[in-house]
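Just so it is clear: chains get the letters A, B, ... in the order the sequence lines come, proteins before strands, and each one is counted from 1.
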Amino acid sequence: MPSITLADLNPEQREAVLAHDGPILILAGAGSGKTRVLTYRIAHLLADRGAPPEGTLAVTFTNKAAAEMRERVSALVGDRKHLPWVGTFHAFCARVLRREAHLLGYTPSFSILDEADALAIVRQVLNEANLPDPPPAEVLRSRIEQAKNEGTLPEEMAEAATSTRERTIAELYRLYQQRLREMNSMDFGDLILLVYRLFETDRSVLSRWQQRAQHLLVDEYQDTNHAQYLLVRALSAATSNLFVVGDEDQSIYRWRGADIRNILDFERDYPNALILKLEQNYRSTKTILAAAGAVIQNNRERKPKQLWTENATGEPVTYYTARHERDEAEYIAREIVRLLEQGMRPADIVIFYRVNAQSRVLEEALMRHRLPYYIVGGLRFYDQREIKDLVAYLRVIANPADGLSLARAIGAPPRGIGAKTLEVIAELSAREQISMFEALGRLESESRVALRIAKQASNLYSWLRELMGRVSAMSVRAILDQIIARSGFENYLASMPDAKVRLTNLSELLAAADAFDAEHAEGGLGEFLEQVALVNDADQVDAGGGRITLMTLHTSKGLEYPVVFITGMEEGLCPHLRPQDNDHEIEEERRLVYVGMTRARRLLYLTNALSRELYGNRQDTIPSRFLSEIEHNLMRRIAPEYISSSFVRPPPREPYVDYSDSQLPEAEQGTEADFNIGAKVYHPTFGLGVVKRREGRGDGAKAWIAFERGGLKLLMLKFANLRPIAD
DNA sequence: GTCGGGTACTTTTTT
DNA sequence: AGTACCCGAC
């Protein structure tokens with residue numbers, strides 16, 4: 001008798017939840033309740049089938065999805081402690097590698113490089129190789145990434161090479177990999193590839209981790225790449241209790257190596273697999289579903305599937321044509337004002353675009369109408385310069401071999417140590433077989449380096465060295481405080497032109513460290529750095545605190561909103577086309593639009609502009625082919641009269657509506673009086689909160705604030721970027 | 001040698 | 001529009 005109640009599942013969902021052991025593929029259409037099926041299945045395995053939590057593993061696409069799933073499973077089984085591990089592929093692999101690093105010639109405190117770091121290493125490798133006709137760094141980087149996504153090592157790439165060019169690329173890949181190893185660093189692709197290779201070569205390690213994956217569940221299976229596929233296969237080989245959920249119509253990461261065949265060929269790879277379809281949609285109106293279906297059915301690379309819903313017919317899809325992008329943004333802003341007047345809340349509304357560059361105009365329009373919004377993605381918090389600088393110090397402390405971070409830390413604030421001296425450091429490190437960090441401390445014996453500079457270097461070396469000895473007993477916040485104090489980082493930021501923003505970012509980083517420390521023991525630096533490296537854009541969704549959301553179509557996966565605007569429905573932009581693109585790329589763009597459309601619950605707007613300026617030049621546009629794939633009776637067409645005339649006017653020079661800058665709202669920085677005890681405030685990261693206690697005054701004024709998300713925090717009013725909220 | 005300012009150049013999506 | 005790189009000033 002199951003203790004998990006399955007009453008609120010439909011028959012197909014229930015079948016999926018209760019299905020026997022063995023490989024199972026759930027083809028879950030958009031909005032068909034796949035997250036529900038996954039969580040119920042996990043709960044059922046734990047509560048009614050005796051699956052051990054420590055032997056159960058669930059892989060999701062984002063950290064946020066993982067957190068949600070953990071939450072929901074724990075609510076179902078009524079146990080907060082004995083839960084399975086849930087996280088992303090990359091987080092799982094990072095965890096494996098921390099444990100097994102020594103087997104691969106790394107230490108457990110290896111650094112995880114982001115894309116910019118990886119590209120910097122590629123540049124270094126290219127420079128040192130000094131080839132007569134080198135491939136562009138970006139090309140080489142993407143070839144390496146591609147190889148890793150395919151599960152290919154440098155030697156294998158070299159063997160498969162059929163041309164000199166290919167052999168060169170393979171050799172450069174080898175050198176790149178060697179350099180990463182020297183720096184005790186890995187890129188994203190390594191996390192997956194190295195784990196898979198380790199499993200392949202070391203059976204005892206494999207079986208140890210197979211113990212952890214007696215039940216393996218994978219969400220968003222359509223977006224796994226070949227390396228991830230191999231990894232999943234290896235992990236689940238002992239029991240074959242593999243449960244994957246996916247929808248080939250929502251595969252939108254082909255360009256990143258996602259292999260749609262992983263889902264299309266599941267039956268072939270697992271001949272005894274049970275395959276179930278979830279086709280009832282609980283999210284959207286009949287009209288929205290029909291419109292989305294009309295678009296996606298033009299794809300050839302898919303299994304036929306018919307979504308249906310018992311939901312109401314709803315409103316027609318609005319198709320608005322604007323003269324230009326300002327007009328498009330203005331229409332959206334006014335429409336939102338109208339929706340809000342009808343009782344819709346800002347948090348119900350989302351605006352999607354194909355490329356981040358489109359967000360600017362939309363922002364401006366929302367600002368003009370004083371509409372609260374926030375942007376998911378774009379420049380990530382941890383990608384901002386001052387944040388990367390400080391994180392570089394942390395990375396050097398955790399991993400002295402990380403020469404890239406060392407170079408970064410040395411330059412921020414500037415210490416008179418530049419490119420030439422760094423060369424000497426690198427050379428010394430190679431000659432003496434010591435880390436870059438150790439070399440930093442030995443410059444005084446180098447006659448090539450001016451004494452003044454060598455003194456600077458050894459000063460930096462000694463206080464970092466001293467700090468390294470203590471970090472295992474320190475909180476991340478304490479380490480950061482030390483770094484900031486010793487390096488003079490605050491003065492450095494204060495001297496910059498946009499000092500205010502940067503200091504605010506600094507205090508956000510400190511707050512993030514506090515939040516981390518609250519949940520971890522001292523010595524958690526490595527874990528903190530891992531978190532920093534592996535956060536993704538989608539993780540910030542919901543941090544908006546009741547505002548309108550803006551994001552790319554890619555980031556929208558897995559989310560839903562009552563009202564959805566999809567902007568820029570134009571050939572070249574959506575679908576985003578490049579000259580060499582073929583049918584495969586068009587199909588991916590179509591899936592992307594399909595994903596966007598199926599996020600909508602009640603209202604869907606599609607907009608285009610007849611003329612658009614992007615990246616600094618203006619062009620006339622052609623409406624997206626996807627618009628013409630939707631039956632006209634599903635749409636309400638809004639196009640200004642002049643558009644129906646036979647010619648299209650050139651874009652106006654003047655702004656559509658002239659709002660002077662003076663009308664832009666001031667960034668509302670409350671005065672101290674706004675933060676009295678009991679006052680409600682809003683913080684960009686922690687959301688809504690209430691002031692509980694005050695300390696200090698003037699520039700040093702601080703407040704204890706209880707946030708909805710993130711709990712109680714002590715923040716400096718000067719930096720915290722708090723907005724007072726009226727009751 | 002280092003650093004800041006100017007110029008020239010290139011634009012998808014991101015774990 | 002934003003960034004990478006180069007060059008001239010300290």
S.K.: Rounded to the nearest 0.5 Å, what separation is found between the CD atom of A:Glu248 and the OH atom of A:Tyr221?
M.R.: 13.0 Å

S.K.: When the distance from CG of A:Asn149 to C1' of B:dT14 is rounded to whole Å, what number comes out?
M.R.: 11 Å

S.K.: With A:Tyr605 as reference, evaluate A:Tyr561, A:Phe565, A:Phe352 under the ring-ring contact (aromatic ring centres under 6.0 Å, His included) test and give the passing residue.
M.R.: A:Phe565

S.K.: NA contact type, A:Ile417, heavy-atom cut-off 4.0 Å: base, sugar-phosphate, or nothing?
M.R.: sugar-phosphate

S.K.: Can A:Arg95 and A:Glu530 be counted as an ion pair, charged N to O under 4.0 angstrom?
M.R.: no

S.K.: When you compare C:dA4 with B:dT13, how far apart are their P atoms, in angstrom units rounded to a whole number?
M.R.: 15 Å

S.K.: So, for A:Phe92 and A:Phe89, is the gap between ring centers shorter than 6.0 Å?
M.R.: no

S.K.: Can you tell me how far P of B:dT15 sits from OH of A:Tyr221, to the nearest Å?
M.R.: 21 Å

S.K.: Check A:Glu571, A:Glu325, A:Glu570 against A:Arg612 for a salt bridge (charged side-chain N to carboxylate O under 4.0 Å, His left out) and give me the one that passes.
M.R.: A:Glu570

S.K.: Less than 5.5 Å between centroids and less than 30° between ring planes, does A:His90 satisfy that with B:dT15?
M.R.: no

S.K.: Do any side-chain nitrogens or oxygens of A:Thr552 fall under 4.0 Å of OP1 or OP2 in B:dT14?
M.R.: yes

S.K.: Using a 4.0 Å heavy-atom cut-off, does A:Glu220 contact any base of the nucleic acid, only the sugar-phosphate backbone, or nothing at all?
M.R.: nothing

S.K.: Taking CD from A:Glu325 and C1' from C:dA1, how many angstroms apart are they, rounded to a whole number?
M.R.: 13 Å

S.K.: Given B:dT13, is OP1 or OP2 found less than 4.0 Å from the side-chain N or O atoms of A:Thr555?
M.R.: no

S.K.: Write down the distance separating the P atoms in B:dT14 and C:dT3, rounded off to the nearest Å.
M.R.: 16 Å

S.K.: Of the nucleotides C:dA1, B:dG4, B:dT13, which one has an atom closest to the side chain of A:Arg360?
M.R.: C:dA1

S.K.: Nearest to the side chain of A:His554 - B:dC3, B:dT15, B:dT14?
M.R.: B:dT14

S.K.: Rounded to the nearest Å, what distance is computed from the CE atom of residue A:Met186 to the C1' atom of nucleotide B:dT15?
M.R.: 16 Å

S.K.: Can you tell me if A:Asn356 touches the phosphate of B:dT12, counting only side-chain N or O atoms and a distance under 4.0 Å to OP1 or OP2?
M.R.: no

S.K.: Specify the separation, in whole Å, of atom CG of A:Leu113 and atom C1' of B:dT15.
M.R.: 14 Å

S.K.: Checking A:His226 side chain against A:Asp259 main chain: does a donor-acceptor pair fall under 3.5 Å?
M.R.: no

S.K.: Tell me whether the guanidinium CZ or amine NZ of A:Arg98 lies under 6.0 angstrom from the six-membered ring centre of A:Phe110 and within 45° of its axis.
M.R.: yes

S.K.: What contact category does A:Glu115 fall into here, base, sugar-phosphate, or nothing, at under 4.0 angstrom with non-hydrogen atoms?
M.R.: base

S.K.: Find the distance A:Arg256:CZ to B:dT12:C1' and express it as a whole number of Å.
M.R.: 13 Å

S.K.: Strictly under 3.5 Å: I want the nitrogen or oxygen pairs between protein and nucleotides 4-10 of chain C, one per line.
M.R.:
none

S.K.: Start at the 5' end of DNA chain B and walk down; is the nucleotide closest to A:Gln228 or to A:Val355 reached first?
M.R.: A:Val355

S.K.: Is A:Trp255 stacked on the base of B:dT13, with ring centres under 5.5 Å apart and planes under 30° apart?
M.R.: yes

S.K.: How would you label the contact of A:Arg415 with the nucleic acid (heavy atoms, under 4.0 Å): base, sugar-phosphate, or nothing?
M.R.: sugar-phosphate

